[in-house]
Amino acid sequence: MPVDNDNPLYEDLMKDYDNSLDHSGIHGERIAKRLFELSKIGFVQIGGVKRPGFSNEEKEAKTLVKKWMASAGLTVSEDGAGNITARLEGNNEGAAIASGSHVDSVPNGGNFDGPLGVLSALEVVESWKETGYTPEKPYEIIVFSDEEGSRFNSGLTGSQAMTGAISEEEMAQLRDYNGETLEQVLAHYGSTLDAFKAAKRDISELELFVEVHIEQGKKLEKANEPVGIVSGIAGPAWLEVEFVGEAGHAGNTPMIGRRDCLVAAADFLQSIPEFPKGISDTAVATVGKMDVYPNGANVIPEKVRMLVDIRDIKEEPRDRLIDQVIEQAEKVAAKHEIHSNIKLNTRIQPVPIAEDLQNRLASSLNKFGISPIYIPSGAGHDAMNLGRFIPVAMLFVRSKDGISHNPKEWSSLNDCVTGIHVLKDFIEDAMTK
């Protein structure tokens with residue numbers, strides 16, 4: 001395959017690949033080519049991708065994946081929320097075993113977060129096609145829309161629509177980075193609000209959902225293992241905090257009496273890292289996005305809007321942390337004599353992974369000589385929304401230096417293919433239960 005000098009992903013993946021991993025119908029080069037093809041959609045010069053949910057780039061990536069799905073013999077459909085479902089019938093009717101992930105990204109994101117889960121689920125079908133295996137139960141691959149949340153500052157939009165976890169009120173409140181409503185965004189995408197609402201399906205049609213994802217941490221790297229087991233998924237909550245002061249000329253407005261909301265925001269930000277420490281060992285709070293208005297060098301800021309990401313693997317301490325952050329925002333606003341507006345954009349329940357499923361994943365790992373490592377996921381995933389209704393399981397693939405949401409995000413092709421072998425074994429075992 002010709003190498004794109006600006007985007008050498010394929011060459012880098014294949015460079016150290018162990019061809020002995022090509023067996024049972026699974027081929028590393030196919031995965032490398034497909035990761036490379038997806039990496040060209042929304043490519044940014046620093047090496048990553050920019051594919052916001054419901055963007056032309058996300059749609060183009062989905063279209064490419066749908067082409068691969070159809071070529072593999074799957075029946076492909078898309079709902080009004082942009083979720084792609086590809087189905088393979090089994091020897092028997094009934095609830096399906098499902099796997100998948102997403103293809104949207106954060107701004108300047110990496111090439112593995114999301115696409116690896118989609119391509120892993122698809123490679124299982126490719127392997128069955130090559131070896132002549134027919135599953136006992138139906139099998140579905142699902143590609144969810146807008147998992148990352150960079151569109152609306154509220155993630156997991158597609159899986160919320162599919163499970164009916166998003167309310168009419170929440171739909172009405174959504175605004176994207178251009179100030180457009182959900183209805184307007186859907187219209188640009190080629191759907192409607194009514195079609196989005198109709199995306200809710202009967203989740204009992206699925207028996208089990210299993211997702212492969214990069215670890216986004218260093219535990220597997222430290223343990224020198226390629227694949228690990230997710231023991232539970234932290235539930236994210238996103239608080240939109242807005243401080244509103246008064247604009248003024250930076251030179252003519254005296255320091256005394258200023259209502260500078262950026263100074264207040266700095267006061268608030270400085271306090272955030274201390275709160276999780278008093279909650280639990282697994283609680284975290286992060287401000288990774290902030291907008292200043294009018295954002296002029298010689299203008300006292302009138303408004304600052306930021307997003308506070310709050311997580312824990314247990315719901316009660318997570319919610320206590322939310323309350324503390326809200327209280328602090330109100331205290332800071334009062335101290336600086338400005339106004340605060342606070343909105344909870346997302347609050348999703350943490351999801352434990354059933355012990356039986358963890359044991360079955362461990363059995364699959366053991367078959368490939370991998371010692372089971374159990375890792376709680378601090379990141380949110382579409383599996384969380386499905387996990388409110390059906391059993392879910394997750395596999396982590398080793399991440400170099402634990403980097404994610406970054407162009408430097410990397411998982412070796414050896415580890416990716418090993419993860420697919422484990423996924424295939426686990427799914428085939430689930431087909432017999």
Side-chain angles (χ1 to χ4, degrees), residues 1 10 22 24-42 49 51 53-105 111-112 114-147 158-159 161-162 189-191 195-196 198-199 201 205-206 209-212 382 416-417 420 423-424 427-428 431:
M1 167 177 276
Y10 172 79
D22 283 357
S24 307
I26 292 172
H27 295 281
E29 186 175 14
R30 181 163 50 213
I31 295 299
K33 286 180 177 178
R34 288 177 171 178
L35 282 169
F36 175 66
E37 289 300 317
L38 285 173
S39 76
K40 294 191 290 185
I41 302 172
V49 293
R51 290 197 297 262
F54 299 108
S55 65
N56 291 333
E57 292 80 9
E58 187 205 36
K59 192 169 189 177
E60 184 181 348
K62 288 176 181 174
T63 299
L64 180 58
V65 171
K66 286 195 290 185
K67 177 183 174 183
W68 293 332
M69 289 171 161
S71 178
L74 297 164
T75 303
V76 185
S77 62
E78 181 171 352
D79 65 26
N83 298 313
I84 308 301
T85 300
R87 185 176 173 94
L88 178 67
E89 297 300 336
N91 288 325
N92 300 298
E93 297 180 353
I97 307 294
S99 186
S101 195
H102 62 96
V103 294
D104 67 304
S105 79
N111 293 302
F112 298 85
L116 178 59
V118 172
L119 297 181
S120 296
L122 179 55
E123 188 65 14
V124 170
V125 175
E126 298 283 12
S127 74
W128 291 344
K129 181 180 177 183
E130 182 168 321
T131 59
Y133 173 90
T134 302
E136 290 302 308
K137 300 175 183 178
Y139 176 65
E140 291 189 4
I141 302 171
I142 306 175
V143 184
F144 295 101
S145 296
D146 190 37
E147 190 266 3
S159 55
M162 182 176 285
Y189 186 79
S191 186
F196 180 90
R201 68 177 289 185
E205 295 172 349
L206 302 178
F209 179 78
V210 53
E211 183 171 357
V212 172
D382 290 305
C416 293
V417 173
I420 296 169
L423 175 69
K424 176 176 179 287
I427 289 174
E428 289 176 355
M431 291 290 178

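With respect to the salt-bridge test (charged N to carboxylate O, under 4.0 angstrom), the residues Glu126 and Arg34 qualify. The existence of a salt bridge linking Glu37 and Lys33 is excluded, since no basic side-chain nitrogen approaches an acidic carboxylate oxygen closer than 4.0 Å. Salt-bridge formation is detected for the pair Glu140/Arg201: a Lys NZ or Arg NE/NH1/NH2 atom is positioned less than 4.0 Å from an Asp or Glu carboxylate oxygen.
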For this session: Please lay out, stage by stage, how Glu78 and Ser191 fare under the test side chain to side chain contact (heavy atoms under 4.5 Å, CB included).
Result: CA-CA 11 Å; Glu78 181 171 352; Ser191 186; over 6 Å; no

For this session: Give the intermediate values and the outcome of salt bridge (charged side-chain N to carboxylate O under 4.0 Å, His left out) for residues Arg51 and Glu58.
Result: CA-CA 5 Å; Arg51 290 197 297 262; Glu58 187 205 36; over 6 Å; no

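Residue Arg30 holds its CZ atom at 8.0 Å from OG of Ser127, rounded to the nearest 0.5 Å. Between Ser159 atom OG and Ile142 atom CD1 the span is 9.5 Å, to the nearest 0.5 Å. The OG atom of Ser24 sits 12.0 Å away from the CD1 atom of Ile420 when rounded to the nearest 0.5 Å. To the nearest 0.5 Å, atoms CH2 (Trp68) and CG (Leu122) are separated by 8.0 Å. Note that CG of Asp382 is 8.0 Å distant from CG of Asn83, once rounded to the nearest 0.5 Å. Atoms NE2 and CD, from His27 and Glu123 in turn, are 7.5 Å apart once rounded to the nearest 0.5 Å.
In this structure, His102 contributes its side chain and Asp104 its backbone to a donor-acceptor pair below 3.5 Å. In this structure a side-chain-to-backbone donor-acceptor pair under 3.5 Å is present from Lys62 to Gly82.
The only option from Asn92, Asn91, Ile97 that meets the side chain to side chain contact (heavy atoms under 4.5 Å, CB included) definition with Met431 turns out to be Ile97.
With contacts defined as side-chain heavy-atom distances shorter than 4.5 Å, the pair Tyr189/Asp146 does not qualify.
Counting all heavy atoms, side chain and backbone alike, Ser101 lies closest to Glu211 at OG-OE2, 2.9 Å.
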